[in-house]
Amino acid sequence: RRVVSVRAEVQAINPEIRKSEDKVVDSVVVSELSKPLTAYCRCWRSGTFPLCDGSHVKHNKATGDNVGPLLLKKPKE
Ligand code: FES
């Protein structure tokens, strides 16, 4: 019989970074991008890792965490 721990799924992964913010999101403008916006996962919960699929919302609600994606943005023309 296989025992699987679910404890890791309910723990916050951000113990100290910018905890005063509801969600830590950073963005970088990159002129060479082919798409206007690409979001990279930083919560390790995405089903489309390394891209963000919005799973951080459920993780943040379950754990009280505040993680969010890194956004790469193409400059506005
Ligand atoms: Fe991980 Fe959005 S799914 S940051």
Side-chain angles (χ1 to χ4, degrees):
R1 184 171 149 195
R2 186 172 174 213
V3 177
V4 177
S5 172
V6 295
R7 182 173 166 81
E9 293 184 24
V10 297
Q11 290 180 324
I13 61 170
N14 175 22
E16 61 189 50
I17 298 171
R18 292 157 50 188
K19 295 304 276 188
S20 63
E21 299 176 26
D22 289 340
K23 180 167 53 181
V24 178
V25 179
D26 297 296
S27 63
V28 177
V29 176
V30 182
S31 60
E32 292 83 12
L33 290 175
S34 58
K35 297 190 301 185
L37 175 68
T38 303
Y40 284 93
C41 176
R42 294 192 297 186
C43 75
W44 297 92
R45 302 293 185 254
S46 175
T48 59
F49 196 87
L51 300 179
C52 171
D53 69 356
S55 295
H56 59 268
V57 175
K58 182 178 177 184
H59 166 78
N60 287 344
K61 281 185 181 173
T63 63
D65 211 346
N66 67 340
V67 291
L70 170 66
L71 305 178
L72 298 187
K73 297 179 177 179
K74 191 172 186 171
K76 293 180 181 168
E77 297 174 10

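Ligands are counted one by one from 1 in listed order, and the atoms in each one are counted from 1 as well.
- With a 4.5 Å cut-off on side-chain heavy atoms, S46 and L51 do not count as touching.
- For a heavy-atom separation below 4.0 Å, the residues in contact with ligand 1 are C41, R42, C43, S46, C52, D53, G54, S55, H56, G68, P69.
- With respect to the salt-bridge test (charged N to carboxylate O, under 4.0 angstrom), the residues K23 and D65 do not qualify.
- From C52, atom SG reaches atom CG of L71 across 8.0 Å, with rounding to the nearest 0.5 Å.
- Looking only at side-chain heavy atoms (C-beta outward), R45 and V67 stay at 4.5 Å or farther from each other.
- Contact record, V28 with L70: CG2-CD1, 4.2 Å, taken as the closest heavy-atom pair.
- Remark: F49 pairs with W44 by the ring-ring contact (aromatic ring centres under 6.0 Å, His included) rule, at least two apart or across chains.
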